[in-house]
Structure formats: C-alpha cells, structure tokens
Amino acid sequence: MRIAITGTPGVGKTTVSKVLGEKLGIKVIDITEVVKDYKLYTEKDEDMDSYVIDFEKLENFINEIEKQEKDVILDGHVSHLLNPDYTIVLRCNPEIVKERLEKRGYKPKKVLENVQAEILDVCLCESKGRVYEIDTTNRDVEDIVNEIIEAIKHKKERKGIVNWIEDYFDYLTLEIK
Ligand code: ADP
Ligand code: MG
C-alpha cells in the first residue's frame, strides 16, 4: 500500500511521517529529498527556488523501492499525485504555516504562495480516491499519528473540515512580484 502524506509545505508532513513510519514499521520516502538527491527533476525553478519534478523518473524510483517494501509512506506536497492508495491531507492554520516557512528562510514570495495554497485547499482539491483530511493546528504529533492509524485501519474518508478563507481572505488579495 502507498500512503501519501500531503499538505502545504510547513503543515508538518515530515514530522508526522517519521513518527507514523516508526509506529507502523513502514519505510518513509521524503519526496523533496529524493527528487534532489537522485536528480528526479527536469529543471530548477529559480524564481520559486524549487525543482520541477520529473514524475516519470520519480514513479520509477518509487517502483524500485516497492520491489522490496510491501508498504511505503510518501512524504511530500505532491505525494497525492503519485497514485496513492490512501491520501492523508494535513492542514494547519495559515498563520502558523507562514511563521514556519519564514523561519525556514523561504523568500517572501514563496511564503505567500504557500500560505495562499493552504487557504485555498489546493492539496485537498487535487487529492483523489480515498482521502482523509486532518487539522493539525495545536495538536501533538502523537495524537495526529494515532488518528491517521485509526483512519487507515477503518478506511475512513473525510474532506472539508477547515475553512481558512473566512478568516484569512485578505492574504488572497496580496501579491509579491
Ligand atoms: P512539512 O514537512 O510539511 O514541510 P515539517 O514536518 O518539516 O513540515 O514541520 C515544519 C515545522 O513545524 C517543524 O519545525 C516542526 O517541528 C513543526 N511541527 C510540525 N508538526 C508539528 C506539531 N504537530 N506541533 C508543533 N510543531 C510541529
Ligand atoms: Mg517536509
């Protein structure tokens, strides 16, 4: 089984994936890391300071790992696009996401684009098949992981649990050149 842990950068995917992987004894693939380390990209987007993923190469890379592993956890903001059997969409308050990405040293334009993506439910909207959405705001990692395990066990599906637009609409009107 392929489990995707997706969500806007900064929502806590890597933190949650590590604990989930340890608890379930499943290998975790950090998509951002392997794309960079194994050159699974077509080019670098200098403007956004990120890599343009070569999805064919990435799919082949994951297939190779799956020859050895029965289950894998895909940790990354595009993991929901990698034909997962189950997609967990992590959500987090946009202002917390903003703080975390600033702390990470992202350029203001990249911070804003990601905050806007969180407000607009981008990862959730792109997720297909079996999807379970969780609001991680002010919750312990252990607690989140336990909920994910329960969801997977009972094949739970859930979408549409947060509404950031109401409180954070103003961010959508901002623009950074
Ligand atoms: P992502 O992989 O989605 O970009 P990370 O897992 O790297 O996010 O988390 C971003 C930051 O937020 C890290 O500093 C991490 O320690 C913190 N963090 C993640 N999840 C939680 C949580 N549930 N509670 C408190 N801090 C968290
Ligand atoms: Mg991460």
Side-chain angles (χ1 to χ4, degrees), residues 2-24 26-41 44-45 48-55 58-59 61-62 65 71-82 84 86-127 131-152 156 158-159 161-162 164 167-168 171:
R2 236 183 232 196
I3 303 166
I5 306 292
T6 192
T8 311
V11 293
K13 298 179 296 297
T14 301
T15 309
V16 164
S17 296
K18 276 189 183 146
V19 177
L20 182 67
E22 274 164 25
K23 278 205 169 182
L24 295 178
I26 301 180
K27 186 180 176 66
V28 179
I29 304 173
D30 181 328
I31 300 298
T32 311
E33 206 172 86
V34 298
V35 163
K36 206 168 136 213
D37 292 354
Y38 296 91
K39 300 198 165 53
L40 311 174
Y41 50 82
K44 190 165 186 210
D45 182 342
M48 280 304 283
D49 203 10
S50 63
Y51 291 99
V52 180
I53 297 172
D54 184 331
F55 278 91
L58 178 56
E59 182 64 40
F61 180 89
I62 297 166
I65 292 174
D71 304 304
V72 288
I73 291 169
L74 305 180
D75 157 22
H77 66 279
V78 296
S79 61
H80 58 282
L81 303 175
L82 300 168
Y86 212 104
T87 302
I88 305 293
V89 185
L90 302 184
R91 307 304 304 270
C92 187
N93 179 290
E95 293 199 318
I96 297 175
V97 169
K98 182 170 178 280
E99 260 172 49
R100 288 178 181 171
L101 297 182
E102 281 167 352
K103 213 163 140 193
R104 202 179 269 182
Y106 280 17
K107 292 178 190 165
K109 182 183 159 87
K110 192 168 171 178
V111 171
L112 180 63
E113 293 217 9
N114 281 305
V115 167
Q116 290 175 335
E118 179 56 24
I119 296 167
L120 290 171
D121 306 331
V122 171
C123 288
L124 178 73
C125 293
E126 290 175 352
S127 296
V131 176
Y132 188 80
E133 184 187 19
I134 303 181
D135 183 7
T136 66
T137 310
N138 300 323
R139 285 184 68 186
D140 285 342
V141 179
E142 283 287 322
D143 190 30
I144 299 162
V145 168
N146 287 338
E147 187 176 340
I148 294 173
I149 293 171
E150 275 300 298
I152 295 171
K156 288 187 192 169
R158 187 173 72 179
K159 271 180 167 185
I161 54 154
V162 298
W164 303 139
D167 291 332
Y168 303 102
Y171 279 112

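Start at 1 and go down the list; that is how both ligands and their atoms are numbered. Just so it is clear, the values below take in all heavy atoms, side chains as well, and ignore hydrogens, waters and symmetry mates.
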Inset, instruction - Take atom CG of Asp37 as the centre, draw a 6.0 Å sphere, and report whether it contains more than 12 heavy atoms from other residues, nucleotides or ligands. - result: yes
Inset, instruction - State, to 0.1 Å, how close Arg2 and Leu82 come at their nearest heavy-atom pair, and which atoms those are. - result: NH1-O, 2.6 Å
Inset, instruction - Considering only NZ, NE, NH1 and NH2 on the basic side and carboxylate oxygens on the acidic side, decide whether Lys18 and Glu22 come within less than 4.0 Å. - result: no
Inset, instruction - Would you mind checking if Arg91 and Asp121 are paired as a salt bridge, meaning a charged N to carboxylate O distance below 4.0 Å? - result: yes
Legend entry - Leu124 and Val131, any side-chain heavy atoms less than 4.5 Å apart: yes
Legend entry - Check: Tyr132 ring centre within less than 6.0 Å of Tyr86 ring centre: no
Legend entry - Residue Lys36 excluded, over 12 heavy atoms near NZ under 6.0 Å: no
Legend entry - For Phe61, the option from Tyr38, Phe55, Tyr41 that meets ring pair (Phe, Tyr, Trp, His ring centres under 6.0 Å): Tyr38
Inset, instruction - Sort by chain and number the protein N/O/S atoms found under 2.8 Å from the Mg ion (ligand 2). - result: Thr14 OG1
Legend entry - Minimal non-hydrogen separation, Thr137 against Asn93, with atom names: OG1-N, 3.0 Å
List, pair by pair, the atoms of ligand 1 and of the protein that are both N or O and lie under 3.5 Å apart, giving the separation rounded to 0.1 Å.
| unit_1 | atom_1 | unit_2 | atom_2 | d |
| --- | --- | --- | --- | --- |
| ligand 1 | 2 (O) | Thr14 | N | 2.9 |
| ligand 1 | 2 (O) | Thr14 | OG1 | 2.8 |
| ligand 1 | 3 (O) | Gly10 | N | 3.4 |
| ligand 1 | 3 (O) | Val11 | N | 3.4 |
| ligand 1 | 3 (O) | Gly12 | N | 3.0 |
| ligand 1 | 3 (O) | Lys13 | N | 2.8 |
| ligand 1 | 3 (O) | Lys13 | NZ | 2.8 |
| ligand 1 | 4 (O) | Gly10 | N | 2.8 |
| ligand 1 | 4 (O) | Arg104 | NH1 | 3.3 |
| ligand 1 | 4 (O) | Arg104 | NH2 | 2.8 |
| ligand 1 | 6 (O) | Thr14 | N | 3.3 |
| ligand 1 | 6 (O) | Thr15 | N | 2.8 |
| ligand 1 | 6 (O) | Thr15 | OG1 | 2.5 |
| ligand 1 | 7 (O) | Arg104 | NH2 | 3.1 |
| ligand 1 | 8 (O) | Gly12 | N | 3.1 |
| ligand 1 | 12 (O) | Arg100 | NE | 3.0 |
| ligand 1 | 23 (N) | Arg139 | O | 2.9 |
| ligand 1 | 26 (N) | Arg100 | NH2 | 3.2 |

